[in-house]
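Structure first, commentary second.
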Amino acid sequence: MKLLLVHLFILYPIVVLGQSETSNIIMKTEYGSKNKELRELLRFENIDHYNVVFSGKELKGRNFSLISKTYLDGVNTNIDTIVNSKQTGDPRIASDSLSFSVTGKKMEGRLKVFFKFQGQGNERYFEAIQSDDYSMRDIGVDWKIKVGDPFPAFAYILPYERNGQKMYCEVDKHGKDINSWGAKFGIKHYIIFEIKFD
């Protein structure tokens with residue numbers, strides 16, 4: 001009995017520390033606008049807009065980074081750092097939540113994407129192929145988010161075409177292996193926006 005208690009006493013901190021590494025970070029998004037006129041304008045202009053909130057006690061005191069990965073014909077052709085709070089010396093996340101917005105639009109053969117964080121905005125342009133069917137998807141809401149592990153939060157994609165129908169959900173709901181979307185779904189061009197908390 002004494003030996004069992006000793007083993008439990010020794011193992012308890014290891015088990016507790018191991019459990020603390022498990023993350024309960026959740027990503028929630030709100031698409032478009034609650035205002036009817038603005039919602040119609042966004043749709044008319046083919047603009048995707050999300051208000052985003054990450055929540056979880058593990059966020060407090062963390063740095064975060066946001067990168068884009070561009071894929072063309074199934075090949076990763078470019079990686080770009082949009083935000084890296086550790087490198088820029090920005091303050092760490094001060095609470096158990098992080099809020100920002102992201103807006104995307106196709107214009108003149110390019111995709112324009114704007115991330116708006118509190119106090120700063122980051123705008124990027126990406127070359128686009130000849131299609132008006134680009135759609136920004138909030139794929140991170142279905143992802144198991146863990147501190148230290150990068151995950152795809154958003155994807156700017158073209159639809160998966162089957163029997164003359166254009167579908168997006170086939171990709172963002174069943175395509176966890178983002179590197180193979182080009183081959184698996186026949187998507188010529190897409191961009192992944194990846195976030196990491198550390």
Side-chain angles (χ1 to χ4, degrees), residues 25-34 38-55 64-80 82-83 98-107 109-117 121-146 149-163 165-197:
I25 298 171
I26 295 170
M27 175 181 173
K28 291 186 179 176
T29 62
E30 181 181 286
Y31 182 79
S33 171
K34 291 179 179 175
L38 182 54
R39 192 166 58 243
E40 289 172 356
L41 180 62
L42 290 171
R43 185 173 180 183
F44 178 75
E45 291 292 336
N46 199 20
I47 297 172
D48 291 305
H49 177 82
Y50 289 91
N51 289 314
V52 187
V53 178
F54 286 97
S55 59
F64 74 97
S65 60
L66 167 65
I67 67 170
S68 65
K69 292 182 175 180
T70 302
Y71 292 81
L72 184 64
D73 294 321
V75 177
N76 180 205
T77 59
N78 189 51
I79 297 175
D80 180 33
I82 299 170
V83 175
L98 173 68
S99 302
F100 62 91
S101 66
V102 58
T103 306
K105 174 177 173 54
K106 182 173 182 215
M107 49 187 294
R110 297 191 296 171
L111 300 174
K112 179 180 180 180
V113 182
F114 182 66
F115 287 89
K116 177 68 172 81
F117 297 90
N122 292 283
E123 188 174 277
R124 290 290 190 277
Y125 289 89
F126 303 89
E127 293 298 319
I129 67 167
Q130 194 65 38
S131 174
D132 291 327
D133 293 328
Y134 282 94
S135 175
M136 185 170 286
R137 318 297 287 187
D138 56 344
I139 59 177
V141 294
D142 294 321
W143 211 267
K144 211 167 199 178
I145 303 169
K146 294 182 181 178
D149 290 347
F151 67 96
F154 288 93
Y156 219 151
I157 64 173
L158 290 167
Y160 169 69
E161 296 191 34
R162 185 172 64 195
N163 300 327
Q165 292 185 333
K166 297 176 181 178
M167 296 175 285
Y168 298 92
C169 294
E170 288 283 329
V171 179
D172 56 14
K173 296 292 183 195
H174 303 291
K176 294 295 186 187
D177 182 10
I178 59 174
N179 295 309
S180 70
W181 284 1
K184 185 176 180 181
F185 296 102
I187 301 173
K188 184 172 179 61
H189 179 241
Y190 61 97
I191 303 163
I192 300 295
F193 296 95
E194 192 175 271
I195 292 180
K196 182 170 82 166
F197 298 107

Sub-3.5 Å donor-acceptor pair from the side chain of Tyr156 to the main-chain atoms of His189, do we have one? no
Are the side chain of Lys69 and the backbone N or O of Asn76 linked by a donor-acceptor pair below 3.5 Å? no
Asn46 and Tyr134 side chains, donor-acceptor separation under 3.5 Å: no
Give the intermediate values and the outcome of side-chain contact (heavy atoms from CB on, under 4.5 Å) for residues Arg137 and Tyr190. CA-CA 11 Å; Arg137 318 297 287 187; Tyr190 61 97; over 6 Å; no
When you look at Leu66 and Phe115, which way does the side-chain contact (heavy atoms from CB on, under 4.5 Å) test go after all the steps? CA-CA 10 Å; Leu66 167 65; Phe115 287 89; 3.7 Å; yes
Quick one: [atom1] on [X] to [atom2] on [Y], what's the gap to the nearest 0.5 Å?
| X | Y | atom1 | atom2 | result |
| --- | --- | --- | --- | --- |
| Met136 | Thr29 | CE | OG1 | 12.0 Å |
| Asp48 | Asp138 | CG | CG | 10.0 Å |
| Leu72 | Lys188 | CG | NZ | 5.5 Å |
| Thr77 | Ile191 | OG1 | CD1 | 8.5 Å |
| Phe151 | Glu194 | CZ | CD | 9.0 Å |
| Arg124 | Asp80 | CZ | CG | 4.5 Å |

For residues [X] and [Y], report the shortest heavy-atom separation together with the two atoms involved.
| X | Y | value |
| --- | --- | --- |
| Arg39 | Lys34 | NH1-O, 3.3 Å |
| Asp133 | Leu158 | C-CD2, 4.0 Å |
| Ile145 | Gly140 | CD1-O, 4.2 Å |
| Ala155 | Ile192 | CB-CD1, 3.7 Å |
| Lys106 | Ala128 | CE-CB, 4.0 Å |
| Asn51 | Ser101 | OD1-CB, 3.6 Å |

Which residues pass the ring-ring contact (aromatic ring centres under 6.0 Å, His included) test with [X], not counting sequence neighbours?
| X | result |
| --- | --- |
| Phe197 | Phe54 |
| Tyr31 | Tyr50 |
| His49 | none |

So Ile82 and Phe193, side-chain contact (heavy atoms from CB on, under 4.5 Å) or not? Walk me through it. CA-CA 9 Å; Ile82 299 170; Phe193 296 95; 3.9 Å; yes
Using the six-membered ring wherever Trp is involved, compare the ring planes of Phe154 and Phe100 and label them parallel, tilted or perpendicular (cut-offs 30° and 60°).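 Perpendicular.
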Which word best sums up how the rings of Trp181 and Phe185 line up, parallel for under 30°, tilted for 30 to 60°, or perpendicular for over 60°? perpendicular
Check the surroundings of atom CZ in Arg43: do more than 12 heavy atoms from other residues, nucleotides or ligands lie under 6.0 Å from it? no
Enclosure of Lys28 NZ (heavy-atom neighbours >12, cutoff 6.0 Å): no
Lys/Arg-Asp/Glu bridge criterion (N-O < 4.0 Å) met for Asp149, Lys196: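 Salt bridge between Asp149 and Lys196, a charged N being under 4.0 Å from a carboxylate O: no.
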